[in-house]
Amino acid sequence: MTDSTVLEVDDLSVTYRSGSGEVPAVRGVSFGIAAGEKLGLAGESGCGKSTMALAMLRLLPKSARMTGRILFDGDDVLDMTWGRLRAVRWAGASIVFQGAMHSLNAVQRIGTQIAEPMYLHEKVTESEAQRRVGELLEQVGLPTRRADAFPHELSGGQRQRVMIAMALACNPSLIIADEPTTALDVMIQAQILTLIESLVSEHGIALLMISHDLSVLADTCDRLAIMYAGRIVEEGPSQRVFTSPNHPYSAALSTAFPTIGDPASRRNPGGLAGDPPDPADLPTGCAFHPRCPSRLEHCSSVVPELWPAGDDTRAACVLTLSDQGRSLASTTKETV
Amino acid sequence: MTAPETISTSSPRRLTWARRRRSAAQFWQQYRRNRGGMFGLVVLLLFVATALLAPWIVGQDALSVTRPPGAPLQGPSQAFLLGTDRSGRSVLDLIIWGSRVSLTVGFWATFISITFGALLGIAAGHFHGWISTVIMRVTDWFLVMPSLVLGVALAAVLGRSLTTIIIAIGVTAWPTTARLVRAQTLAVEARPYIERAHALGGGHWHVMSRHVLPNVMPIVLAQTTLMVGTAILTESTFAFLGLGDPTTASWGGTIQAARDVGAVSARMWWYILPPGIAIVLVVLAFTLCGRAIEGVLNPKLRERRS
């Protein structure tokens with residue numbers, strides 16, 4: 001990775017210990033984000049997206065065991081002392097949570113809540129904090145006087161704007177947006193996305209955006225990573241992944257949205273039968289093979305890796321390999 | 001890009017005080033709008049004033065048993081507005097004097113039990129693992145401890161006094177509060193803004209004081225108003241069992257005395273009703289104040305009322 005790499009995740013695995021044994025939620029994920037870069041992480045519910053987001057700041061419950069490395073500005077988040085970790089939280093990397101409705105404390109004014117990280121991380125006077133809260137509110141398109149409002153006095157979109165203002169409060173170098181537009185209507189969704197995009201590029205902040213909505217990510221982000229059953233199955237430039245996906249799962253995801261104005265997609269919507277696999281009981285070989293429309297014989301035994309698929313794209317599917325590679329894979333990479 | 005800014009020429013300490021004064025003024029303004037709360041406050045202040053001024057309103061001689069001012073068990077008259085008790089003392093004077101004991105016990109026992117209960121409850125709800133387990137097992141142990149037995153034991157060790165009663169009530173009353181507060185803390189801690197507070201880099205103290213405490217405050221206040229009543233009544237039980245200071249009058253003690261002489265069957269309403277009404281009024285006043293404070297602290301509730 002280059003010098004400007006803000007976040008580098010290397011072979012990260014997260015396993016939850018539950019009553020019935022160990023449940024792997026994330027299985028060996030690697031990626032990197034440079035300053036000012038926008039990476040989108042897409043996948044179905046339960047594929048490990050939100051676990052990834054929380055793992056970045058070690059916010060997972062104690063029952064989760066993490067292995068691998070999460071390098072934030074060169075420091076491994078998993079090895080950090082408690083004090084250093086608290087300093088990194090928000091001042092280094094902040095999170096825009098899904099559901100702004102509940103991520104705001106109902107009994108505090110929003111100005112107080114936006115100023116909260118400032119008081120925690122910097123020595124600010126009250127007037128200084130007030131001034132910055134005013135600036136932040138203006139940046140996210142809310143009038144300064146709304147600082148005195150309580151969360152229930154704002155609309156859903158306004159609350160999400162408050163969450164974005166809060167994420168910017170301590171000038172972080174990375175923002176993790178976990179489904180920032182869920183539960184918002186389409187118009188507001190577009191506004192919020194534009195807002196995030198412009199603020200991030202304005203401040204040169206790295207963005208990790210997580211969503212199940214591939215079209216949203218393809219619009220906003222430079223690069224896309226598709227997750228399935230705790231693994232990245234395809235990674236590459238947004239438009240490339242969205243319009244000409246290599247992995248059958250990415251293909252299914254991108255055709256799952258009907259194209260407006262195209263009657264063919266309405267009459268014959270894409271999509272995928274079946275449910276994502278139970279993380280506690282994953283299929284052998286490629287985890288996607290039971291649902292895969294173009295599965296091959298040896299898909300149930302070969303564990304695919306992220307192989308180069310041309311145009312700066314990598315995909316974890318034997319289809320991306322040449323015929324020679326396929327036979328190679330089938331002989332060397334037997335079931336783990 | 002200029003936000004409205006407070007003039008920051010003075011020292012930080014003065015700024016802090018100015019901010020506190022401002023929020024106190026705001027609090028009072030909100031509180032004043034609640035008519036019930038104002039009524040409760042006035043009643044409470046009247047009782048407190050009575051208790052403080054009791055030595056001047058009622059002469060010490062008026063409570064003498066050996067040289068009572070009137071004949072025993074007389075109905076209301078010009079001299080004794082609320083009649084006399086079994087020793088011939090004025091019931092009104094007894095109630096005025098008794099407010100001292102009852103209010104003292106009510107305040108302190110409640111203060112002790114609520115403080116302990118709230119602090120331990122929040123800690124037990126916030127921390128997981130062995131800290132929570134230890135706190136809750138200690139709580140359970142105190143929960144099953146009968147306050148009367150503890151009172152008897154304490155009286156034997158510390159001697160019979162008001163302090164003994166306050167300690168006995170305070171020590172046995174906090175576990176219920178702790179359990180309630182812990183349950184509420186668990187509910188609050190499951191909300192996403194607690195996760196956000198952790199993500200903000202907030203430590204345990206930050207999360208507990210800034211996010212959990214304000215959200216469990218309504219339940220603490222409700223518990224406080226209930227506890228005052230319980231404490232006043234428990235004091236009367238202790239007084240009845242002879243664990244209190246026998247030389248002082250209290251509301252509970254007066255009711256017990258009235259019960260002893262069969263005031264109910266003898267229709268001596270002036271003996272048994274006034275101390276009961278006094279207890280009810282104080283508890284009601286506390287409840288009204290508690291509700292008003294809750295309304296100020298919880299912006300959602302405030303909106304609904306106005």
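So that the names make sense, note that chain A is the first sequence line, chain B the second, and so on, each numbered from 1.
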(request) Side chain from CB out, backbone as N, CA, C, O: work out which of these in His206(B) comes under 4.5 Å of a heavy atom of chain A, or both, or neither. (result) side chain
(request) Evaluate the ring planes of Phe142(B) and Trp174(B), with Trp represented by its six-membered ring, and classify them as parallel (under 30°), tilted (30 to 60°) or perpendicular (over 60°). (result) tilted
(request) Return the option, out of Gly202(B), Pro192(B), Ala199(B), with the maximum number of heavy-atom pairs under 4.5 Å with chain A. (result) Ala199(B)
(request) Give, as side chain, backbone, both or neither, the part of Leu85(A) having an atom under 4.5 angstrom from any heavy atom of chain B. (result) neither
(request) Indicate yes or no: does Arg132(A) engage Glu135(A) in a salt bridge with an N to O separation below 4.0 Å. (result) no
(request) Could you have a look at Asn215(B), Ile194(B), Leu200(B) and say which one has the most heavy-atom pairs with chain A under 4.5 angstrom? (result) Leu200(B)
(message) Between Arg89(A) (side chain only) and Leu57(A) (backbone N and O only), is there a donor and an acceptor less than 3.5 Å apart?
(response) yes
(request) May I ask you to say whether Asp140(B) pairs ionically with Arg179(B), meaning some side-chain N is under 4.0 Å from a carboxylate O? (result) yes
